[in-house]
There are 2 protein chains.
Amino acid sequence: MSATTGTGATRRALGFGLRATAKVLPEHTRAHNRAMVLQHLFHAGPTSRADLARATSLTRVTISDLVSVLIAEGLVEELGVQRGGGVGKPAMLVGMRTHAFQIVAVDLSDDTVMRGAVLTLTGEAVERRCLEVDDRTGDELVDLVEEFTRGLLDAATQPVVGVGIGSPGVIDVDGRVLEAPNRRWTDLPLAALLSERLDLPVHVANDADVAALGEYTFGGAEGSMLLVAVGQGVGAGVMVDGARVHGVRHAAGELGHVTVADDGLPCACGRRGCLETLLSAPALRRAVAGLDTEAADVALAAVGRTLGVTLAPVVSALNLGEVLLSGPADLLDGALREAAEAAVVERTMPAVHTGLRVRMATLDEDVVLSGAAVLVLAAQLGIS
Amino acid sequence: MSATTGTGATRRALGFGLRATAKVLPEHTRAHNRAMVLQHLFHAGPTSRADLARATSLTRVTISDLVSVLIAEGLVEELGVQRGGGVGKPAMLVGMRTHAFQIVAVDLSDDTVMRGAVLTLTGEAVERRCLEVDDRTGDELVDLVEEFTRGLLDAATQPVVGVGIGSPGVIDVDGRVLEAPNRRWTDLPLAALLSERLDLPVHVANDADVAALGEYTFGGAEGSMLLVAVGQGVGAGVMVDGARVHGVRHAAGELGHVTVADDGLPCACGRRGCLETLLSAPALRRAVAGLDTEAADVALAAVGRTLGVTLAPVVSALNLGEVLLSGPADLLDGALREAAEAAVVERTMPAVHTGLRVRMATLDEDVVLSGAAVLVLAAQLGIS
DNA sequence: CGACCTTGGTTAAGCCGCTTTACTAACAAA
DNA sequence: TTTGTTAGTAAAGCGGCTTAACCAAGGTCG
């Protein structure tokens with residue numbers, strides 16, 4: 001027989017044992033290669049057509065064609081010839097028009113205030129807004145999000161590619177909020193709803209997942225990484241081999257309610273000793289309240305160690321390259337982080353922990369907004 | 001701008017922040033759709049062209065063309081008309097010729113004896129062989145594997161699609177053994193070497209990873225799952241959203257040397273309290289030696305609980321659907337398994353553990369052989 | 001200085017792979 | 001027997017990439 005090589009088809013588990021793959025058409029080829037070009041321009045900056053061809057291993061002909069379409073769409077522009085090259089005809093640089101389009105991003109991770117921004121395609125904030133939530137929940141909260149988003153859309157000075165939203169809760173790939181107790185959202189198709197009302201592509205995902213995505217694309221994080229987002233609670237976003245992990249019930253990353261202390265404090269979830277009872281902004285502030293620096297560091301290190309102990313099996317199972325901490329730096333970036341790193345290193349084998357870093361996220365308060373932007377970039381342009 | 005939708009391009013992290021995607025050509029479209037057809041025939045059995053078209057959402061024309069090629073290659077055959085249908089022309093069933101090709105699989109997970117088999121495409125063993133290793137290591141062991149494989153190839157009664165090997169150690173995607181201390185293999189391109197010598201496609205992967213793959217394809221396991229392989233040590237294979245997890249340094253699944261006891265027994269790795277000091281066939285046998293059934297169950301339950309405590313964060317981070325245990329059933333399938341399941345459930349939130357099962361692997365001693373076969377099926381035919 | 005070389009980019013022709021449309025084949029129901 | 005329904009094939013067309021051949025615009029070198 002001929003040793004024909006099949007593709008590594010993207011698979012998805014469907015119920016019991018049935019695997020579905022989607023058909024691929026010639027135009028998907030185009031979409032893929034187009035995304036590859038945009039991806040390159042996005043990360044490497046202005047590039048000549050010839051260099052694009054070399055980078056993608058497509059031919060100059062195909063690249064030229066592709067670029068001409070992108071120029072016609074306004075996504076790309078010619079930037080003049082590259083001076084000072086060697087022999088041969090000097091190259092014409094083409095680059096993404098990163099400021100000619102904008103993205104609206106909304107961060108719902110805080111219970112009390114929603115934050116939003118108008119961003120360029122490179123994630124620079126052009127306009128920021130905040131809005132008190134005033135204990136609104138359920139449909140009322142949806143209306144408020146819509147209104148808030150409309151305001152941001154009005155503030156946009158360029159065509160908007162789409163809206164990205166990071167929200168707490170369990171959210172499926174289509175942006176349906178399956179469960180977000182604090183918001184009183186259950187099985188709410190938030191993305192579809194807003195997309196309909198705003199007549200724009202809207203993408204919704206879990207805030208911690210989105211934060212991980214943001215760090216991956218804008219923060220330079222590795223493709224196998226876990227981000228621990230510390231706020232009113234704890235969540236995590238996980239990326240494996242460059243792809244977001246969703247899990248069987250879309251609940252991947254729900255680390256806040258793993259038991260970490262056998263006779264720990266009671267938790268809001270009804271059980272005892274959850275990670276969240278120790279590691280959350282309020283819990284940490286309580287833990288260090290009234291202590292001098294030294295004593296506070298001891299307390300923080302204890303929490304850090306617990307985090308490290310909890311993450312060691314995860315790091316081993318996935319052979320992660322990085323663990324990022326996101327949240328209040330005064331609490332996390334110090335004794336806590338160091339103790340967590342030490343514990344992970346101490347409790348894993350060298351093959352797993354060599355090269356591993358436990359570090360702070362680089363995007364600070366904008367992680368979720370940036371990540372929400374990546375959600376849009378990835379879905380609309382294939383960039384991440 | 002036009003709201004063009006990009007593809008979810010397959011990405012891979014390359015060093016720091018650089019992402020590479022491979023170009024896609026029209027013929028990749030073909031390969032993908034071809035794999036999809038084979039995949040369907042493999043899992044659903046004989047199917048008419050018209051049903052294949054409906055299942056894949058390709059047109060009957062394309063399916064007919066694809067099938068005719070597969071028939072010409074000998075991979076597929078017509079099986080006569082489907083009797084007793086409703087109105088209309090009765091359909092001609094086509095099916096994979098699962099017995100017209102064979103796969104050679106080798107299991108190197110045991111230190112002392114290598115096991116191998118000639119399998120049909122559905123994983124049925126046609127011939128089994130064993131060979132004492134006699135403390136051979138390094139190049140000598142490679143030669144022995146080659147000789148052993150040659151024997152199996154000679155025993156094959158049908159054309160062989162390829163050779164699959166499951167081996168302990170850290171192994172990269174190209175089948176290069178980066179590190180396998182007990183075999184004295186370091187940075188050994190085993191797959192390339194054997195492929196060259198045997199003039200056949202050879203695929204090599206970690207034994208636990210391969211076991212997970214086997215359970216996924218032949219054992220009906222879910223797409224987000226972790227398999228704990230207990231033998232002379234402990235390893236794990238992880239699948240997330242239907243794809244194998246490799247990790248940054250190809251060391252994903254190395255759970256044996258996670259610390260689980262703060263002042264535990266000394267481990268061969270030089271540290272103390274590794275999971276492997278409690279959970280391995282020898283360690284378990286020692287633990288229950290001389291105990292009556294009840295006392296043995298208490299001892300096994302203690303280990304099971306430790307395993308559950310270790311896995312709880314992993315299950316939460318990935319929202320796994322299943323955890324499988326593979327190894328000696330007399331030790332694992334009972335108090336140990338139940339305690340592990342109880343601990344995972346007890347220590348994770350409902351959204352994570354509802355629907356989760358901790359169960360025994362179904363393929364018993366053949367897991368690694370079956371998995372090695374899947375390695376070949378996936379690489380050569382796109383089936384998994 | 002002009003011929004030649006090198007590199008960037010475009011045009012034309014061709015192949016591959018899918019779709020739509022239109023056809024034939026084979027059966028059940030009326 | 002006619003009609004309707006479903007399976008499968010044939011022909012034409014379109015999208016998307018490649019190769020081959022070309023022009024453009026600069027260096028290098030005799």
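Proteins get letters first, then strands, A, B, ... in listed order; numbering begins at 1 in each.
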Non-neighbouring partners of A:E78 that pass salt bridge (Lys or Arg N to Asp or Glu O under 4.0 Å), sequence neighbours left out:
A:R49
Students should find that the nucleotides of DNA chain D closing off the region near chain B, any atom under 4.0 angstrom from a heavy atom, are D:dT5 to D:dT18
What residue pairs, at least two apart or across chains, pass salt bridge (Lys or Arg N to Asp or Glu O under 4.0 Å) with a residue in residues 371-384 of chain A?
none
Applying salt bridge (Lys or Arg N to Asp or Glu O under 4.0 Å), can you list everything that pairs with A:D65, at least two apart in sequence or on another chain?
A:R30
Any donor and acceptor pair, going by atom type alone, linking the side chain of A:N33 with main-chain N or O of B:K23 inside 3.5 Å?
no
Tell me, which of residues 87-97 of chain B have any heavy atom that sits under 4.0 Å from an atom in DNA chain C?
B:V87, B:G88, B:K89, B:P90
A:D51: what forms a salt bridge (Lys or Arg N to Asp or Glu O under 4.0 Å) with it, not counting sequence neighbours?
A:R54
Could you tabulate the donor-acceptor pairs under 3.5 Å formed by side-chain atoms of residues 194-201 of chain A, not counting sequence neighbours?
residue	atom	partner	partner atom	Å
A:S195	OG	A:L200	O	2.8
A:R197	NH1	A:D143	OD1	3.1
A:R197	NH1	A:E146	OE1	2.4

Between C:dG8 atom C1' and A:L79 atom CG, what is the distance in whole Å?
16 Å
Kindly write out the residues that satisfy side chain to side chain donor-acceptor pair (under 3.5 Å) with B:T157, not counting sequence neighbours, or none if the list is empty.
B:Q102
What's touching nucleotides 17-23 of chain C from the protein side, N or O pairs under 3.5 Å?
residue	atom	partner	partner atom	Å
C:dC18	OP1	B:N33	ND2	2.9
C:dC18	OP2	B:R30	NH1	2.3
C:dT19	OP1	A:K23	NZ	3.4
C:dT19	OP2	B:T59	N	3.3
C:dT19	OP2	B:T59	OG1	2.8
C:dT19	OP2	B:T62	OG1	2.6

Could you tell me which residues satisfy side chain to side chain donor-acceptor pair (under 3.5 Å) with B:T62, sequence neighbours excluded, listed by chain and number?
B:T59
Nearest nucleotide by nearest heavy atom, which residue falls closer to the 5' end of DNA chain D, B:A50 or A:G86?
B:A50
The criterion is side chain to side chain donor-acceptor pair (under 3.5 Å); which residues satisfy it with A:T120, sequence neighbours excluded?
A:T122
Report all side-chain donor-acceptor pairs from residues 93-100 of chain A shorter than 3.5 Å, counting only partners two or more places apart or in another chain.
residue	atom	partner	partner atom	Å
A:R97	NH1	A:G74	O	2.9

